[in-house]
Amino acid sequence: MPQLSQLGLVYQSQWFWLLLVLGVIYFFVGRGIVPRVESTVDQRDAQIAADLAEAERLRAEADAAEEGWRSRMNAAHAEAQGLTAQAKAAAAEAEGKRIAAADKRLAAKAEEAAQALDAARQSALAEVEAMAAEAAREIVAKLTSAKVDDKAVRAAVAGALSRA
Amino acid sequence: MAAEAKIDPMHQFMIAPIGSDQLAASPFQFTNSALWMLIVLVAIVLFMWGGLKRELVPGRWQAAVEMLTGFLDNVTRQSIGPEGRKYLPWVFTAFVFILASNWIGALPFAVVPGAHPFTVTSQFTVTGTMSIISFAIVLGVGFWKHGLHFFSLFVPHGTPLPLKFVVAPIEFVSFLVRPFSLGLRPFIAMFAGHILLEVFGNFVVQGLNAGGPMGYGVSLLAFLFVIFVNALELLVGAIQAFVFALLTALYINDAVNLH
């Protein structure tokens with residue numbers, strides 16, 4: 001086992017070179033390069049975290065903007081609906097008024113016509129009565145050659161007409 | 001070479017001087033072990049340097065480096081807590097050095113004529129020293145933060161008084177054994193794995209030299225086994241580096257967050 005048999009001759013140089021090499025690795029690499037590599041990694045992690053936070057903030061902002069837009073949109077919709085309802089109500093009211101006025105006019109006209117009709121019927125009825133009384137008197141005169149009183153004939157005809 | 005067919009699996013662990021004929025007991029002696037340590041060092045520095053582009057969107061190389069540091073940062077922070085970052089440089093150093101040594105030592109550089117690969121972590125002088133450094137940190141931090149109260153580490157919380165006299169020595173011995181197990185674990189793994197590779201690699205060559213259906217059959221079997229052991233060696237290399245780093249972090253945690 002050369003590690004043992006050579007020990008006395010080599011241990012000094014082994015230690016010297018080993019400590020030299022380890023010292024260079026420790027101070028130059030371990031304390032020089034490693035912290036810089038670590039700081040690069042830390043910097044990158046920090047940057048990624050910051051970027052993520054920024055993205056989150058922007059997303060919240062966009063959400064808020066969208067929320068605002070949506071509420072404004074809803075308000076506008078509601079306003080438009082209100083206006084439409086109002087216009088509809090006004091239109092319906094005006095229409096109702098016009099219809100009522102027209103109804104009134106028509107009712108007046110109908111009343112007028114009915115009255116005229118009534119008058120015409122009254123006069124026609126009176127004429128019919130007179131004619132019927134005349135005819136009845138003449139029929140009675142022809143059949144019985146009796147002279148009937150004008151008044152009596154009229155009363156009889158009126159009674160018959162009212163019974164009919 | 002193959003004709004000699006002499007199996008000497010220990011030869012790969014020999015430390016040979018470079019630039020002089022004889023090993024000398026001097027700290028400045030440059031050896032093949034020192035050469036491979038420097039190769040490991042250069043590989044680590046180049047790898048980490050390549051990941052230092054500091055781009056916001058990392059490329060493959062930068063992502064690999066960031067994955068490595070992030071992984072070790074996780075290990076230290078989960079084991080030690082928020083204070084773990086202070087100890088990341090050493091955990092990182094230990095992990096990366098063991099991992100690179102294990103993997104570079106397992107690469108088939110031997111196919112290049114004249115190249116003699118050497119696994120630095122197959123020397124307990126190396127892994128043992130790293131283990132001692134880890135425990136120097138543990139003891140230093142423990143006594144500096146808690147003073148003599150650090151000895152309460154050997155008395156688990158909530159032990160009934162009579163049991164304390166039994167448990168404390170056991171805990172103490174277990175603590176004393178830790179540096180040895182920590183240092184021996186990666187060394188043994190590399191040592192045994194490389195012996196296996198050498199022995200079965202030799203079987204391949206010897207089988208081919210022997211010829212005949214038997215020889216070729218043995219050669220093929222040994223070849224398949226060498227491939228399997230190589231894959232296992234890569235896995236073990238990573239696991240040992242991880243275990244060393246994790247245990248170092250856990251032991252430091254004992255000292256930092258004394259109950």
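A quick note: this is a predicted structure, and the numbers were derived from the prediction, not measured. Chain letters run A, B, ... following the sequence lines, proteins first, then strands; residues in each count from 1.
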Chain A contacts, top residue of B:E55, B:K53, B:R85, B:H11 (heavy-atom pairs, under 4.5 Å): B:R85
Top of B:I15, B:I133, B:I44 for chain A proximity - count of heavy-atom pairs under 4.5 angstrom: B:I15
Pick one of side chain, backbone, both or neither for [X], based on which atoms fall under 4.5 Å of a heavy atom in chain A.
X: B:F13; result: both
X: B:A24; result: backbone
X: B:L72; result: neither
X: B:L68; result: neither
X: B:Q62; result: side chain
X: B:P58; result: both

Counting heavy-atom pairs closer than 4.5 Å to chain B, which one of [options] comes out on top?
options: A:V41, A:L18, A:L20; value: A:L18
options: A:R36, A:Q47, A:Q3; value: A:Q3
options: A:S5, A:P35, A:S39; value: A:S39
options: A:G8, A:G30, A:S13; value: A:S13

Determine whether the aromatic ring centres of residues B:F242 and B:F71 are separated by less than 6.0 angstrom. yes
Kindly state whether the ring of B:F200 and the ring of B:F203 have centres lying under 6.0 angstrom apart. yes
In terms of heavy-atom proximity below 4.5 Å to chain B, should [X] be classed as side chain, backbone, both, or neither?
X: A:D42; value: side chain
X: A:V37; value: both
X: A:L19; value: side chain
X: A:F27; value: neither

Tell me, do B:T31 and B:F118 make a side-chain contact under 4.5 Å, heavy atoms counted? no
Does atom CG of B:D21 have more than 12 heavy-atom neighbours from other groups under 6.0 Å away? no
Report the C-alpha separation of B:T121 and B:N102 in whole Å, then their side-chain angles, then the decisive distance to 0.1 Å, and conclude whether the side-chain hydrogen bond (donor to acceptor under 3.5 Å, both in side chains) test is met. CA-CA 6 Å; B:T121 34; B:N102 288 351; 2.6 Å; yes
Over 60° means perpendicular and under 30° means parallel, so tell me whether A:W17 and B:F30 are parallel, tilted or perpendicular. perpendicular
Work out which heavy atom in B:S20 is nearest to a heavy atom in B:Q29; give both atom names and the distance. OG-NE2, 3.1 Å
Check whether B:N257 reaches the backbone of B:I80 with its side chain - one donor and one acceptor, N or O, closer than 3.5 Å. yes
Pair A:R59-A:E56, salt bridge (Lys or Arg N to Asp or Glu O under 4.0 Å): steps then yes or no: CA-CA 5 Å; A:R59 201 172 65 91; A:E56 185 61 33; 3.2 Å; yes
Say whether B:S134 and B:W90, considering side chains only, have a donor N or O and an acceptor N or O under 3.5 Å apart. yes
